[in-house]
Amino acid sequence: MSPGAATGVTEAELIKTRRAKLAALRAAGRDPYALTTFARSHTLVAVREAFDHLAAGEHAGGATVTVAGRLQSMRRMGKRSVFADLTDQSARLQVYFHTDRLGPEFEAVDLLDRGDVVGVRGEPFRTKSGELTVAADEVTVLAKSLRPLPEKWHGLVDPEIRYRRRYVDLMVNRPVLEAMLTRSAIIAALRRHLDELGYVEVETPILLALAGGANARPFVTHSHALDMPLQLRIATELNLKRCIVGGIEKVYEIGRTFRNEGVDRTHNPEFTMLELYEAYTDVEGMLRLCEGMVVAAAHAARVGERHEYGGRELVLRPPFARMSYLDALREFGGLTREDILDEARARAAAERLGLRLDVKASHPHVVDKLFEATVEPHLVNPTFITEHPVLLSPLAKRKAEDPDFVERFELYIAHMEVANAFSELNDPDDQRERFERQAKERAAGDPEAPEPDWDFVQALEYGMPPTGGIGVGIDRLVMILTNADSIRDVLLFPLQRPEA
RNA sequence: GCGUCGUUAGCUCAAUGGUAGAGCAGCGGACUCUUAAUCCGUUGGUUGUGGGUUCAAGUCCCUCACGACGCACCA
């Protein structure tokens with residue numbers, strides 16, 4: 001048998017060579033694709049834990065394990081032995097194929113390639129150089145890999161191929177796999193944390209006649225059955241508060257949200273948000289809950305109180321710093337209350353700071369730009385910015401003693417807004433007036449102003465208890481806890497244009 | 001949407017406007033504890049697409065595609 005007959009090295013010929021080995025395996029009665037199951041005795045990390053005690057040169061005294069995984073590299077030592085690295089989801093482990101143990105089984109080893117999925121039964125031992133290894137007594141090809149893997153040393157680097165063929169990225173760049181597992185652990189921990197505190201998880205619609213609850217352009221689609229336009233949700237806020245009105249007192253949803261807007265380091269058109277609402281509490285209750293969630297997430301990610309991100313050390317230890325919106329603008333921007341509340345003065349301040357603003361920019365937009373330019377660059381350690389102006393907060397309850405401002409906070413970490421919470425506005429008349437103002441802005445030609453959801457006002461008219469609510473940007477939290485520079489590094493399949 | 005940069009072998013990267021190269025992977029050979037194994041030999045290219053300038057283009061100019069970064073957008 002000479003699988004190496006095709007000696008060329010274009011991709012097509014590399015594949016042909018591997019197909020020849022597949023044919024040889026089949027001819028030997030070892031069709032890898034015919035198998036349906038493989039019973040493992042250990043994951044690779046379990047082997048590492050169970051046989052960690054072996055000294056260099058020591059064997060496991062005849063004990064055997066059965067493991068499976070992908071061959072990551074093969075080192076041939078003469079005609080009769082091969083060392084290979086095997087990886088599974090849990091770890092990497094070396095295996096040793098030798099004719100002394102395998103006998104005629106060794107013929108299969110000659111037909112193996114990097115990338116093949118194999119099962120191995122054998123005896124654990126530690127090599128003279130100290131590496132825990134499984135000496136194979138039996139080898140089973142569980143899937144032949146027909147395509148060449150990226151280079152073993154530099155791995156797969158090209159970001160375009162990494163995102164397009166994430167499965168290859170995952171198999172050869174272990175930190176990518178680790179980040180995705182950490183993401184899963186963080187979300188599971190948050191869910192567990194909230195479930196233990198008695199919150200009820202619900203699922204609200206993604207397809208809506210009218211997407212509301214935030215100021216963002218929605219994706220638009222169409223229902224053939226109903227022959228009507230539909231929008232993908234931009235927030236879960238309004239439906240979750242309908243749940244509060246209906247009597248689900250501690251409610252949350254972890255789910256995908258869609259915004260038809262720019263893509264950059266911290267924005268993907270679809271992203272994951274946790275939104276939570278609780279009756280009979282307020283923004284202070286949300287603040288304590290928020291600290292608990294960040295700690296639970298950090299713990300799940302095995303991140304301690306001191307954590308380096310983006311070249312800066314973060315101290316993730318509650319209580320987090322607090323600073324009011326006005327104090328922050330005063331301290332970092334030298335701006336006053338009037339510079340914010342008065343539209344003309346806000347524009348003048350923006351001009352002083354050299355901000356390029358569209359003449360059509362609305363008052364809220366100008367104020368937001370002022371904050372972004374002056375305050376955000378200073379917010380590295382977790383910081384609650386509190387008591388925002390009502391003009392930026394159409395769904396939050398006013399402060400009793402200062403009705404131009406609301407009971408709200410945003411949590412900033414590493415310059416990013418990670419959470420946003422407030423005492424929910426439950427006065428239907430105030431809500432209606434704020435919606436009417438937005439409707440006027442919309443009618444006046446501001447396409448960004450949201451279309452009011454009048455049914456939500458009706459829901460408030462039935463009576464919503466005093467309620468605290470919070471939204472947490474899960475992707476950004478995961479970015480911080482996994483040291484990811486880009487949101488794409490915490491998403492399995494970030495949005496890409498179709499390949500040329 | 002705008003700007004800058006990038007796209008060369010399966011992967012990672014070289015190449016004054018003058019014969020497209022290396023390492024890894026592959027293939028053949030040597031090697032019974034290797035681990036970026038090592039050593040000998042060897043194959044592999046429509047230089048992202050389409051035009052242009054030139055005696056001559058991977059290289060210069062333009063178009064388009066895709067990507068990265070920045071800006072804009074995203075309270």
Side-chain angles (χ1 to χ4, degrees), chain A residues 2-18 20-21 56-57 72-85 92-100 113-115 125-133 135 146-165 168 172 214-217 234-235 259-269 271 325 356-358 361-372 388-396 408 410 417 420 438 447-450 485-486 488 494 496-500:
Chain A
S2 175
T7 56
V9 75
T10 61
E11 185 172 27
E13 284 166 336
L14 292 169
I15 290 170
K16 203 153 97 186
T17 303
R18 286 173 174 236
K21 293 179 184 174
Q72 291 286 3
S73 80
M74 299 177 66
R75 299 173 291 281
R76 181 124 201 169
M77 281 292 303
K79 281 193 167 52
R80 303 172 56 206
S81 71
V82 173
F83 286 92
D85 289 335
R92 181 197 68 84
L93 188 68
Q94 181 167 265
V95 294
Y96 185 41
F97 301 109
H98 195 288
T99 53
D100 282 354
D113 283 297
R114 228 178 125 232
F125 74 106
R126 196 176 289 282
T127 64
K128 289 176 197 163
S129 49
E131 171 124 14
L132 188 63
T133 303
L146 298 175
R147 289 179 175 272
L149 250 52
E151 200 215 333
K152 65 187 172 193
W153 184 239
H154 299 93
L156 182 61
V157 171
D158 182 348
E160 186 169 346
I161 304 178
R162 285 186 50 220
Y163 299 138
R164 287 196 198 288
R165 301 193 202 173
V168 179
V172 302
N215 199 0
R217 283 180 66 182
I234 57 176
R259 297 188 180 176
N260 200 346
E261 285 158 357
V263 179
D264 66 22
R265 203 176 64 79
T266 58
H267 297 81
N268 191 67
F271 60 103
Y325 193 86
R356 293 174 299 161
L357 285 178
D358 199 316
S362 64
H363 183 190
H365 187 257
V366 174
V367 171
D368 206 48
K369 285 289 151 193
L370 288 173
F371 182 86
E372 194 180 295
H388 297 61
V390 67
L391 61 94
L392 291 178
S393 316
L395 298 163
R408 177 179 177 187
E410 289 179 307
E417 181 195 337
N420 179 26
Q438 289 181 333
E448 308 288 323
D485 293 330
S486 165
R488 286 184 294 266
Q496 299 269 289
R497 286 193 159 92
E499 204 165 355

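Every chain is numbered from 1 and lettered A, B, ... according to where its sequence line falls, protein lines coming before strand lines.
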task = Pick base, sugar-phosphate or nothing for Glu417(A), based on heavy-atom distances below 4.0 Å to the nucleic acid.
result = nothing

query = Which part of the nucleic acid, if any, lies within contact of Arg356(A), taking any heavy atom under 4.0 Å across all strands shown: a base, the sugar-phosphate backbone alone, or nothing?
reply = sugar-phosphate

note = Rounded to whole Å, the CZ-P distance (Arg147(A) to rG10(B)) equals 12 Å

ask   = Should the ring pair Tyr96(A) and Phe83(A) be called parallel, tilted or perpendicular, given that the plane angle runs from 0 to 90° and is split at 30 and 60?
value = parallel

Closest listed nucleotide, where the reference is the side chain of Trp153(A) and the choices are rG26(B), rA36(B), rC66(B) = rA36(B)

ask   = Taking 4.0 angstrom as the limit, do Glu131(A) and Arg92(A) come out as a salt bridge?
value = yes

query = Contact class for Gly155(A) vs. all strands (heavy atom < 4.0 Å): base, sugar-phosphate, or nothing?
reply = sugar-phosphate

query = OP1, OP2 of rU32(B) versus side-chain N and O of Lys79(A): anything below 4.0 Å?
reply = no

Spacing of Phe83(A) atom CZ relative to rC31(B) atom C1', expressed in whole Å = 12 Å

query = Between atom CG in Leu156(A) and atom C1' in rA25(B), what is the gap in whole Å?
reply = 14 Å

query = Does the rU34(B) base have a donor-acceptor partner in the side chain of Glu131(A) within less than 3.5 Å?
reply = no

request  = Could you work out the separation of rA15(B) and rG21(B) based on their P atoms and round it to a whole Å?
outcome  = 14 Å

inquiry  = For the C1' atoms, the ones on rA65(B) and on rA25(B), what distance do you get once it is rounded to whole angstrom?
reply    = 29 Å

inquiry  = Taking any heavy-atom pair under 4.0 Å as a contact, classify Ala214(A): base, sugar-phosphate, or nothing.
reply    = base

ask   = What's the verdict on salt bridge (charged side-chain N to carboxylate O under 4.0 Å, His left out) for Asp485(A) and Arg265(A), showing C-alpha distance, side-chain angles and the deciding distance?
value = CA-CA 7 Å; Asp485(A) 293 330; Arg265(A) 203 176 64 79; 5.5 Å; no

ask   = Between Arg408(A) and Glu410(A), is the closest basic N to carboxylate O distance under 4.0 Å?
value = yes

note = In whole angstroms, the gap separating P of rC73(B) from CG of Asn260(A) amounts to 16 Å

query = Are side-chain N/O atoms of Arg75(A) and Gln94(A) paired as donor and acceptor at under 3.5 Å?
reply = yes

query = Should the ring pair Phe371(A) and His388(A) be called parallel, tilted or perpendicular, given that the plane angle runs from 0 to 90° and is split at 30 and 60?
reply = tilted

ask   = OP1 or OP2 of rC66(B) sitting under 4.0 Å from any side-chain N/O of Arg497(A)?
value = yes

message = Does His388(A) reach a base, just sugar-phosphate, or nothing at all? Heavy atoms under 4.0 Å.
response = nothing

task = May I ask you to verify if any side-chain N or O of His365(A) is less than 4.0 angstrom from the OP1 or OP2 atom of rC74(B)?
result = yes

request  = Considering only atom C1', compute the distance from rG1(B) to rA72(B) and round it to an integer number of Å.
outcome  = 8 Å

task = Answer with base, sugar-phosphate or nothing: what part of the nucleic acid does Ile15(A) contact at a heavy-atom distance below 4.0 Å?
result = nothing

ask   = Rounded to whole angstrom units, what separation is found between the OH atom of Tyr163(A) and the C1' atom of rA68(B)?
value = 9 Å

message = Any base atoms under 4.0 Å from Asp158(A), or only sugar-phosphate, or nothing? Heavy atoms, all strands.
response = sugar-phosphate

query = What about Thr10(A): does its side chain form a donor-acceptor pair under 3.5 Å with the base of rU43(B)?
reply = no

inquiry  = For a quick check of understanding: with a heavy-atom distance under 4.0 Å over all strands, which category does Arg488(A) fall into, base, sugar-phosphate or nothing?
reply    = sugar-phosphate

request  = Determine, for Glu372(A) against Lys369(A), whether the closest basic-nitrogen to carboxylate-oxygen distance falls under 4.0 angstrom.
outcome  = yes

request  = Take atom CD of Glu372(A) and atom C1' of rA72(B), then tell me their distance rounded to the nearest Å.
outcome  = 11 Å

key: rC66(B) to rC61(B) separation - P atoms, rounded to the nearest Å   = 22 Å

key: P gap between rA36(B) and rG44(B), integer Å   = 31 Å

request  = Please report, rounded to the nearest Å, how far the P atom of rA25(B) is from the CZ atom of Arg114(A).
outcome  = 8 Å

inquiry  = Rounding to an integer number of angstrom, what distance separates rG52(B) and rA56(B) when you compare their C1' atoms?
reply    = 15 Å

task = Would you classify Glu11(A) as touching base, sugar-phosphate or nothing, given that sugar-phosphate means primed atoms plus P, OP1 and OP2, and contacts are heavy atoms under 4.0 Å?
result = sugar-phosphate

request  = Grab the two heavy atoms, one from Asp100(A) and one from Arg80(A), that are nearest each other, plus how far apart they are.
outcome  = OD1-NH2, 2.6 Å

key: Dot-bracket notation for RNA chain B, counting Watson-Crick and G-U pairs under 3.5 Å, with | for partners on another strand   = (((((((..((((....[..)))).(((((.......))))).....(.(((..]....))).))))))))....

task = For the side chain of Pro159(A), starting at C-beta, report the closest nucleotide among rG26(B), rC11(B), rA68(B).
result = rA68(B)

inquiry  = Give me the distance, rounded to whole Å, that separates rG67(B) from rU49(B) when you measure between the C1' atoms they each carry.
reply    = 15 Å

query = When you measure from the side chain of Lys21(A), which nucleotide among rC27(B), rC66(B), rG23(B) comes out closest?
reply = rC27(B)

request  = In whole angstrom, give me the gap between the P atoms of rU63(B) and rC73(B).
outcome  = 26 Å

